[in-house]
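A quick write-up on the structure given underneath.
The chain is numbered in sequence order, starting from 1.
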Amino acid sequence: MRRQLQTSFALVLAGSAFVVAAQTSASSSSPAAAGPSVPMESKVAMCIGCHSIPGYQATFPEVYKVPMIAGQNSKYLASALHAYAKGERKHPTMRSIAQSLSDQDITDIAAYYEKQAQVPAVPETVTPPADIKALLDKGNCASCHGANFSKPIDGTYPKIAGQHPDYLYAALKAYQTEGNPHLGRGNAIMAAQVKQFSHAELKSLAKYLASLPGELRTVPQSKFR
């Protein structure tokens, strides 16, 4: 009799534990348990300090104006952030920031900046000087970055027309860089393209691309709103 009572008591306890566990699981998966949604201002707070200051210049690991990202393709921005998080793009500050973001944060931030600058579409064709055209053709640049380098054939490719020339130059050089813990980008397609150019040629390309009318902007924002 005592053994039967002990067995019954054990079954009751087990059943109670199962119910509690099920209730806990259900409550933790409910929207209320997930907590309040994070406001967009909080998600972009770390971005504002550099990308929302016109003319702001990075000093490490290289000196150049931080890129304009307002109006950029959201798929590209998300892809870039994931690449920083994985270390495929080597930049200590950007990697630290990207690793602190969830996948949903990255998606939200990318969408936010894509819509931040609403400007008229740029002309589809601009005829470059002969020497620059030869470099652009050699790199087959328009085949990915599209008409006037503002209409990429895929959303994961960036708009580059009108971007800061020193940033473009630094980015192009990064695809040539190997074995540096702070510099470098691991895109095989871009690496194959830029390795056929000298630094002087890359600088000429960057200067020309920056001179084009573009859809990218720096939108000033206060960090303390």
Side-chain angles (χ1 to χ4, degrees), residues 37-122 145 149-152 154-175 177 182-187 190 206-207 209-225:
S37 60
V38 179
M40 201 63 229
E41 290 82 356
S42 297
K43 292 189 178 186
V44 301
M46 290 184 290
C47 312
I48 289 173
C50 294
H51 293 285
S52 295
I53 302 176
Y56 186 82
Q57 188 166 269
T59 57
F60 180 82
E62 288 187 291
V63 177
Y64 54 78
K65 290 184 181 68
V66 299
M68 293 179 279
I69 58 175
Q72 185 60 271
N73 296 325
S74 61
K75 286 185 179 180
Y76 166 73
L77 292 174
S79 175
L81 285 169
H82 283 300
Y84 282 120
K86 295 174 184 176
E88 294 170 0
R89 287 190 175 195
K90 297 177 183 178
H91 188 289
T93 302
M94 283 303 304
R95 185 174 191 189
S96 176
I97 290 172
Q99 286 181 327
S100 73
L101 301 171
S102 68
D103 288 347
Q104 188 60 54
D105 290 337
I106 287 176
T107 298
D108 292 344
I109 290 169
Y112 173 84
Y113 277 105
E114 180 181 55
K115 297 175 181 177
Q116 193 183 35
Q118 299 295 326
V119 299
V122 300
H145 296 285
F149 309 100
S150 288
K151 293 176 174 58
D154 186 274
T156 58
Y157 300 146
K159 301 175 183 180
I160 54 177
Q163 184 61 270
H164 298 308
D166 51 352
Y167 167 74
L168 288 174
Y169 177 53
L172 289 169
K173 283 194 305 175
Y175 291 111
T177 304
H182 304 303
L183 294 170
R185 295 188 177 188
N187 183 294
M190 283 300 300
K207 184 177 179 180
L209 291 168
S211 73
L212 296 173
E215 299 172 6
L216 305 176
R217 297 290 187 271
T218 297
V219 178
Q221 288 177 280
S222 172
K223 198 170 184 177
F224 306 100
R225 292 194 290 177

Side-chain donor-acceptor distances from residues 158-166 under 3.5 Å, at least two apart:
residue : atom : partner : partner atom : Å
Lys159  : NZ   : Gly71   : O            : 3.0
Lys159  : NZ   : Glu215  : OE1          : 2.8
Gln163  : OE1  : Met68   : N            : 2.9
Gln163  : NE2  : Met68   : O            : 3.1
Asp166  : OD2  : Lys65   : N            : 3.0

> Do the side chains of Arg95 and Gln99 get nearer than 4.5 Å, heavy atoms only?
Replying inline: yes
> Would you find a donor on one side and an acceptor on the other, under 3.5 Å apart, between the side chain of Glu88 and the backbone of Gly186?
Replying inline: no
> How far apart are the closest heavy atoms of Pro61 and Leu183, and which atoms are they?
Replying inline: CG-CD2, 3.4 Å
>> For the OH atom of Tyr64 and the OG1 atom of Thr59, what is their distance to the nearest 0.5 Å?
In response: 10.0 Å
> Shortest non-hydrogen contact from Pro54 to Thr218?
Replying inline: N-CG2, 3.7 Å
>> Testing the basics here: between Val219 and Ala70, what is the closest heavy-atom pair and its distance to 0.1 Å?
In response: CG2-CB, 3.8 Å
> Where do Phe60 and Pro92 come nearest, in terms of heavy atoms and distance?
Replying inline: CE2-CG, 3.7 Å
> Would you find a donor on one side and an acceptor on the other, under 3.5 Å apart, between the side chain of Ser100 and the backbone of Ile97?
Replying inline: yes
>> Quick check: His51 with Tyr113 (ring centres under 6.0 Å apart)?
In response: no
> Would Leu101 and Ile109 count as a side chain to side chain contact (heavy atoms under 4.5 Å, CB included) if you check the C-alpha gap in whole Å, the side-chain angles of each, and the deciding distance to 0.1 Å?
Replying inline: CA-CA 10 Å; Leu101 301 171; Ile109 290 169; 4.0 Å; yes
> NE2 of His182 to OG1 of Thr93: how many Å apart, nearest 0.5 Å?
Replying inline: 10.5 Å
> To the nearest 0.5 Å, what is the distance between CE (Met94) and CG (Leu81)?
Replying inline: 5.0 Å
> Does the side chain of Gln57 reach to within under 4.5 Å of the side chain of Val66, using non-hydrogen atoms?
Replying inline: no
> What is the distance from atom NE2 of His91 to atom OG of Ser96, rounded to the nearest 0.5 Å?
Replying inline: 11.0 Å
> So, Asn73 side chain and Tyr76 main chain: donor-acceptor pair closer than 3.5 Å or not?
Replying inline: no
> If you take all heavy atoms of Lys151 and Val122, which pair is closest and at what distance?
Replying inline: NZ-O, 3.6 Å
> Cation over ring, Arg89 on Tyr84, under 6.0 Å and within 45°?
Replying inline: yes
>> Let me confirm one number: the OG-CG distance from Ser150 to Leu209, rounded to the nearest 0.5 Å.
In response: 9.5 Å
> Is Asp154 reaching over with its side chain to a backbone N or O of Thr156, donor-acceptor style, under 3.5 angstrom?
Replying inline: yes
> Less than 4.5 Å apart, any side-chain heavy atom of Gln116 and any of Gln221?
Replying inline: yes
>> Taking the side chain as everything from C-beta on, heavy atoms only, tell me whether Arg217 gets closer than 4.5 Å to Ile69.
In response: no
> Any salt bridge (Lys or Arg N to Asp or Glu O under 4.0 Å) pairs touching residues 96-117, not counting sequence neighbours?
Replying inline: Lys43-Asp105, Lys43-Asp108
